[in-house]
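To start, the structure under review is shown below, and the notes come after it.
Here is how names work: the chains are called A, B, and so on, in the same order as the sequence lines, proteins then strands, and each is numbered from 1.
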Amino acid sequence: MSDNFNELSSIQLDALKEIGNIGAGNAATALAQMVNSKIDMDVPQVSILPFEDVADLIGGAEKYVVGIYLNVSGSAPLNILFLLPIENACLLVDMLIGKPLNTTNPEHLNDMDISAMMELGNIISATYLNSLAMFTQLSFLPSVPALGMDMAGAILDAILAQFGQVADHVLLLETQFRKEDVDVVGHFFLLPEPESLSVILSALGVNF
Amino acid sequence: MSNIIQVGMADLKIARPPDKLMTAGLGSCIGICIIDKNIKLASLAHIMLPSSIQAKNPQNRAKFADSAVEMVIEEMQKQGASISRLQAKIAGGAQMFKFSGDNDIMKIGARNAQAVEEALKKHNIKLLASDTGGNHGRTITFDPETGDLLVRTIGHGERVL
């Protein structure tokens with residue numbers, strides 16, 4: 001299965017959505033505990049998109065975002081990217097460190113703020129991967145998180161380039177986290193490497 | 001009425017004045033801008049990877065540095081450009097993420113920049129200016145009228161090449 005994402009059956013897509021649902025549900029709970037505030041999540045979307053359309057999901061290629069990226073190795077290598085608008089990232093840092101809201105300034109981030117952002121990404125990803133590992137009985141070994149703060153397109157292309165070698169589309173599992181029904185906090189993307197997809201689907205018992 | 005023509009990832013577009021070419025959010029990708037100033041014909045290619053040789057799907061030629069430069073030359077010649085007059089400006093090729101270990105995939109920006117320069121040299125296209133490397137994204141606008149390349153960033157200023 002290289003770029004044959006379109007051949008996925010609806011049962012396979014549903015299985016992916018379901019693991020996304022449970023993984024993201026646990027991640028939302030972890031996030032809520034960290035920032036001590038209610039965090040909701042949307043039903044995950046599975047999309048198969050051409051590269052150039054991915055940035056549109058988060059408000060365009062020029063949107064100023066924070067991206068926390070983890071490369072996950074193991075029998076089903078994949079990539080995790082948690083993208084959030086810079087102002088939302090700063091709010092989460094305020095909540096996490098216990099500062100009054102709107103104290104963290106996007107233009108003057110200190111080491112503590114950066115470290116807090118990476119920790120956010122770390123915990124969300126680890127929680128998500130734990131659920132995925134439980135379901136599939138596969139082991140996932142995440143890298144240390146890497147943090148980028150810049151235009152969404154720029155953050156994405158470094159990651160999408162890896163897929164460019166074998167594909168023109170990317171399969172992504174997307175979940176949005178929201179705080180108290182209003183602000184979209186961030187977007188969580190799971191991007192399986194093309195060959196990982198059939199490994200994960202087999203482990204879930206839906207590889208027909 | 002002038003239009004700004006958007007160039008997506010792994011895409012290539014050609015324009016004449018008063019239109020301009022633009023590509024947003026270049027990270028490790030590179031925007032290759034090539035112009036024939038005599039006839040004011042300009043192109044912008046947004047490449048993602050250095051080489052089409054090892055790729056499993058080289059069909060999309062605008063995705064790779066080597067094949068994109070060839071494609072630009074062919075397309076511009078079709079519209080009357082002369083290869084001997086072509087001049088280039090490039091921007092992009094940043095390293096957006098820093099990992100502690102050595103990770104080749106993450107150095108894709110530098111490899112892209114090198115591959116673009118080699119491809120231009122191979123076809124004797126003069127590289128007038130470049131703004132590559134660093135760790136920040138770039139949005140670029142190329143003007144076929146003047147040949148100016150405007151580079152915008154977040155937190156790293158704005159410049160015209």
Side-chain angles (χ1 to χ4, degrees), chain A residues 2-4 49-56 58-71 73 77 79 81 83 85-86 106-109 114 118 121 143-170 193-195, chain B residues 6-11 22-31 46-65 91-101 103-112 134-141 152-156:
Chain A
S2 57
D3 194 4
N4 304 328
L49 290 178
F51 295 142
E52 64 265 29
D53 292 351
V54 182
D56 291 339
I58 38 167
E62 279 194 280
K63 180 140 183 96
Y64 189 11
V65 298
V66 172
I68 300 146
Y69 169 68
L70 290 97
N71 183 272
S73 54
N79 298 272
L81 183 65
L83 274 185
I86 185 90
E107 280 160 35
H108 300 100
L109 293 171
I114 304 263
M118 281 165 84
S143 68
V144 173
L147 185 99
M149 275 181 287
D150 216 301
M151 303 172 187
I155 302 257
L156 280 166
D157 74 14
I159 294 157
L160 294 178
Q162 304 172 51
F163 294 86
Q165 203 67 256
V166 290
D168 291 303
H169 293 79
V170 63
E193 311 245 321
E195 68 273 20
Chain B
Q6 300 277 348
V7 184
M9 215 179 262
D11 195 7
M22 174 185 163
T23 195
L26 286 166
S28 61
C29 292
I30 291 190
H46 180 150
I47 64 112
M48 294 178 75
L49 289 160
S51 167
S52 60
I53 292 166
Q54 290 145 12
K56 290 187 188 147
N57 56 340
Q59 297 86 350
N60 183 358
R61 296 167 72 199
K63 189 157 75 176
F64 307 95
Q95 184 179 348
M96 299 307 299
F97 291 101
K98 269 182 235 140
F99 273 109
S100 43
N103 187 334
D104 247 14
I105 290 163
M106 290 298 127
K107 293 195 178 118
I108 188 84
R111 288 198 285 134
N112 277 339
N135 57 3
H136 58 274
R138 295 167 171 92
T139 288
I140 61 171
T141 312
R152 286 184 292 135
T153 67
I154 292 177
H156 293 82

Top contributor to chain A contacts, counting heavy-atom pairs under 4.5 Å, from B/Gly92, B/Ala24, B/Ala10, B/Gly8: B/Ala24

message: Once you measure the plane-to-plane angle for B/His156 and B/His136, does it fall in the parallel (<30°), tilted (30-60°) or perpendicular (>60°) bin?
response: parallel

query: Considering only heavy atoms, which portion of B/Thr23 lies under 4.5 Å from any heavy atom of chain A: side chain, backbone, both, or neither?
result: neither

- line: Output for pair (A/Leu83 CG, A/Ile58 CD1), nearest 0.5 Å, gives 4.5 Å

- prompt: If only atom types and distance count, is the side chain of A/Asp157 paired as donor or acceptor with the main-chain N or O of B/Gly27 below 3.5 Å?
  reply: yes

query: Has the side chain of A/Asp150 got a donor or acceptor atom that lies under 3.5 Å from a matching backbone atom of B/Gly137?
result: yes

field: Engaged part of B/Ile154 at the chain A interface, taking heavy atoms whose separation is under 4.5 Å
entry: both

message: Does any backbone or side-chain atom of A/Ala152 lie under 4.5 Å from a heavy atom of chain B? Answer side chain, backbone, both or neither.
response: neither

query: Which answer fits A/Ile155, side chain, backbone, both or neither, if we ask what part of it has an atom under 4.5 Å from a heavy atom of chain B?
result: both

Under 4.5 Å from a heavy atom of chain A, the part of B/Asn135 involved: backbone

- prompt: Checking B/Thr139 side chain against B/Arg152 main chain: does a donor-acceptor pair fall under 3.5 Å?
  reply: no

